[in-house]
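Inspection log for the structure reproduced underneath, given as structure tokens.
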2 protein chains.
Amino acid sequence: MASASGVIVQSVNRALDILGCFKGQAIELGISEIPEKMELSKSTVYGLVNTRLTKGYLEQNPQTKRYRLGIKLFELGTLVYNRMDLRNEAKVFCEELGGKYNTTVHLAAHYGDEIVYIDKVDAPEAVIVYSQTGKCATMHCTGVGKVILAFLSEDELKQVFAKEDFKKYTEHTITDQEELYRELRRIHSRGYAVDNEEIETGLRCIAAPIFNYMNQPVAAISVSAPTVRLPLEQIEAIARDVQYYALQISQRLGYRS
Amino acid sequence: MASASGVIVQSVNRALDILGCFKGQAIELGISEIPEKMELSKSTVYGLVNTRLTKGYLEQNPQTKRYRLGIKLFELGTLVYNRMDLRNEAKVFCEELGGKYNTTVHLAAHYGDEIVYIDKVDAPEAVIVYSQTGKCATMHCTGVGKVILAFLSEDELKQVFAKEDFKKYTEHTITDQEELYRELRRIHSRGYAVDNEEIETGLRCIAAPIFNYMNQPVAAISVSAPTVRLPLEQIEAIARDVQYYALQISQRLGYRS
DNA sequence: TTATGTATTTCCATATAATGGATTATCTAT
DNA sequence: ATAGATAATCCATTATATGGAAATACATAA
């Protein structure tokens with residue numbers, strides 16, 4: 001994925017970059033705001049945008065003339081969602097795990113150089129549920145992120161480190177690269193990761209890796225809950241269980257230890 | 001949307017058509033199966049596919065070398081989903097309606113010349129739930145489809161009729177164009193549509209239209225349940241309630257009767 | 001192991017089609 | 001009515017996408 005080998009069609013590439021502009025805060029963009037974000041002339045952007053528009057990949061607000069991501073992306077997105085083998089295999093295990101500890105369970109997958117949440121099972125007693133599904137996990141301060149990093153090869157890890165900015169979310173967030181390396185080694189040796197209020201104060205999280213038949217860490221599951229419900233002294237016991245479920249899923253993917 | 005006005009960038013257009021090839025039964029396609037489905041040379045397709053590949057809009061199975069829709073579509077799809085104003089506005093009303101009659105409630109929106117299910121609230125007692133979300137509704141044999149058709153202008157209706165093939169799903173499916181016209185007039189005058197086992201035997205469904213501030217039928221909601229739970233003699237009463245909720249949503253969109 | 005067939009990937013010269021700059025049209029607000 | 005801002009259109013130029021052919025990779029069978 002990250003390997004930019006082979007033929008790249010410029011206009012298609014640019015059109016895809018334009019879609020990327022809509023991932024930020026701005027839900028709608030005017031036609032002249034897009035060239036500001038990328039080195040392109042307005043008329044070039046216009047052609048690209050207009051092409052996507054006619055196909056429903058972008059929509060235009062008839063009042064404001066501004067553009068936003070279109071329904072076709074939703075259609076294809078749900079297709080991808082429904083066809084995701086990993087998600088389908090993991091579903092029952094995630095539900096069982098969540099029910100056991102009354103925690104939210106996340107399933108995240110590793111694609112190229114990002115980790116994407118692909119499913120979530122809410123805690124039975126959950127009150128407010130805000131879905132991370134479809135979003136990218138930060139690598140350095142989430143359980144699923146760290147545990148996948150911990151099992152990557154040295155090369156892959158370097159590549160990820162080069163792109164990730166180690167933003168500080170809480171006072172527990174590990175922002176020092178050396179310290180993160182040590183943490184990853186620790187995670188690797190014990191087989192699970194703990195996010196101890198590193199992305200949000202008051203939230204703790206235990207994650208274990210999922211491997212495919214080639215022994216690659218293609219995904220991870222995690223249980224997360226307020227610190228009071230995941231007390232430090234219980235972590236090791238729960239982690240073993242998370243690892244157990246992760247192994248079940250791995251085996252469904254053809255993994256044999 | 002359907003208006004192919006303005007500049008169209010050929011390669012982008014073709015790249016989007018390629019994505020469309022993956023909407024059918026075939027989840028994965030080989031590079032040489034794609035040119036079969038569209039008038040293009042293999043190397044052209046290769047360039048287009050490869051470009052999408054590097055951006056994560058397509059993925060390649062390393063074993064089989066075959067392609068499938070990529071994670072980026074899922075990411076953007078969920079963005080679209082979360083940002084859909086209509087869905088956010090309608091949510092509470094759909095839930096209330098579903099709870100009241102213990103039925104599944106669907107919300108579908110009208111985009112260009114298709115009607116897409118954008119949300120679903122399961123019946124509280126539902127056992128098997130299979131989500132239509134993200135899929136297109138057939139226009140001639142679903143409640144939401146018919147009720148939106150019924151409020152389109154003559155021109156728009158003609159355009160839709162030209163594209164839709166009136167496939168017969170059950171013995172109740174209306175396949176005759178003239179008969180469908182009569183049905184649509186009936187729906188228009190009484191303000192709601194009934195799908196009486198027209199897409200699936202044993203399933204009945206009542207739908208009402210949602211209008212925007214320009215009085216256009218931009219969406220519809222429907223309640224659906226096994227025929228035994230929506231007996232014919234209760235339909236009119238329930239329909240009035242469905243219309244009521246639809247009106248609430250319409251007003252949220254700025255509609256003023 | 002070698003041969004054979006199938007599917008993918010790469011190469012390259014050519015002409016087409018995408019591009020950027022300039023112009024015009026369309027709104028919005030004053 | 002006017003100004004200002006933004007969107008849409010036009011068009012000549014050349015960079016770029018394209019199709020045909022060739023090469024590679026891979027799987028299956030001899």
Side-chain angles (χ1 to χ4, degrees), chain A residues 1-22 26-70 213-214 254, chain B residues 1-22 26-70 213-214 254:
Chain A
M1 184 188 275
S3 62
S5 66
V7 193
I8 299 291
V9 178
Q10 177 182 250
S11 52
V12 175
N13 206 38
R14 287 172 168 180
L16 295 177
D17 286 341
I18 288 176
L19 286 191
C21 294
F22 291 88
I27 293 181
E28 291 194 333
L29 290 174
I31 195 72
S32 45
E33 291 173 65
I34 301 169
E36 286 167 16
K37 300 198 172 211
M38 45 202 311
E39 295 267 307
L40 279 181
S41 77
K42 213 191 293 186
S43 56
T44 303
V45 169
Y46 186 80
L48 299 171
V49 164
N50 195 58
T51 305
R52 304 210 84 109
L53 192 65
T54 58
K55 293 275 180 183
Y57 290 82
L58 285 176
E59 288 166 16
Q60 186 175 37
N61 184 325
Q63 262 71 59
T64 63
K65 303 278 182 177
R66 295 160 72 80
Y67 299 88
R68 58 157 68 195
L69 298 172
Y213 70 104
M214 286 172 73
Chain B
M1 184 186 277
S3 62
S5 66
V7 193
I8 298 292
V9 178
Q10 175 180 254
S11 52
V12 174
N13 206 38
R14 287 172 168 180
L16 294 176
D17 286 341
I18 288 176
L19 286 191
C21 295
F22 290 89
I27 293 181
E28 291 195 333
L29 290 175
I31 194 74
S32 44
E33 291 172 65
I34 300 170
E36 286 167 16
K37 300 200 172 207
M38 45 201 310
E39 296 268 308
L40 278 181
S41 78
K42 213 189 295 184
S43 56
T44 302
V45 169
Y46 186 80
L48 298 172
V49 164
N50 196 59
T51 305
R52 305 209 83 108
L53 191 66
T54 59
K55 293 275 181 182
Y57 289 81
L58 285 175
E59 287 167 18
Q60 187 175 36
N61 183 325
Q63 263 72 58
T64 63
K65 302 278 181 178
R66 295 161 71 80
Y67 298 87
R68 58 157 70 194
L69 298 173
Y213 70 104
M214 286 173 73

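Here is the naming used below: chain letters follow the sequence lines, and residue numbers restart at 1 for every chain. Since we're looking at a predicted model, the values are computed, not measured.
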What is the distance, to the nearest angstrom, from the CD atom on B:Q63 to the C1' atom on D:dC26? 12 Å

Do A:L53 and A:N50 come close enough that some side-chain heavy atom pair is under 4.5 Å? yes

Answer yes when A:E59 and A:R68 have at least one side-chain N-carboxylate O distance shorter than 4.0 Å, and no when they do not. no

Decide if atom CE of B:M38 counts as having more than 12 heavy atoms of other residues, nucleotides or ligands within a radius under 6.0 Å. yes

Would you say D:dA8 has OP1 or OP2 under 4.0 Å from some side-chain N or O of A:Y67? yes

Specify the separation, in whole Å, of atom CZ of B:R66 and atom P of D:dA27. 13 Å

Can you sort out the partners of A:T51 under side chain to side chain donor-acceptor pair (under 3.5 Å), two or more places apart, ordered by chain and number? none

Donor-acceptor pairs under 3.5 angstrom involving side-chain atoms of residues 8-19 of chain B: please list them, not counting sequence neighbours.
from	atom 1	to	atom 2	distance (Å)
B:Q10	OE1	B:R14	NH2	3.4
B:S11	OG	A:S11	OG	2.3
B:D17	OD1	A:K55	NZ	2.5

The correct set of residues in residues 29-41 of chain B placing a heavy atom under 4.0 Å from DNA chain D is B:L40, B:S41

Nearest 0.5 Å, please: how far is CD in A:E28 from CD in A:Q60? 9.5 Å

Give every residue pair that meets the salt bridge (charged side-chain N to carboxylate O under 4.0 Å, His left out) criterion with at least one member in residues 33-45 of chain A, sequence neighbours excluded. A:E33-A:R66

Can you tabulate the close N/O pairs, meaning under 3.5 Å, that link protein atoms to atoms of nucleotides 10-16 of chain D?
from	atom 1	to	atom 2	distance (Å)
D:dT16	OP1	A:Q10	OE1	3.0

Is any side-chain nitrogen or oxygen of A:Q60 closer than 4.0 Å to OP1 or OP2 of D:dA8? yes

Between atom CG of B:L48 and atom CG of B:L40, what is the distance when rounded to the nearest 0.5 Å? 7.0 Å

Those residues at least two apart in sequence (or on a different chain) that pass side chain to side chain donor-acceptor pair (under 3.5 Å) with B:Y57 are none

Here the distance between atom C1' of C:dT26 and atom NZ of A:K42, to the nearest Å, is 13 Å

Starting from P on C:dA25, measure out to NZ on A:K65 and report it in whole angstrom. 15 Å

In whole angstrom, give the distance that lies between atom CG of A:L58 and atom P of D:dA7. 14 Å

Taking for each residue the nucleotide of DNA chain C bearing the nearest heavy atom, is the 5' side occupied by A:T64 or by A:V45? A:V45

Quickly work out the B:L53 CG to C:dT9 C1' distance and round it to whole Å. 13 Å

Strictly below 4.0 Å: does B:Y46 bring a side-chain N or O up to OP1 or OP2 of C:dT10? yes

In whole angstroms, the gap separating P of C:dA17 from CG of A:L48 amounts to 16 Å

Length of the line joining A:I8:CD1 and D:dA17:P, which is rounded to integer Å: 10 Å

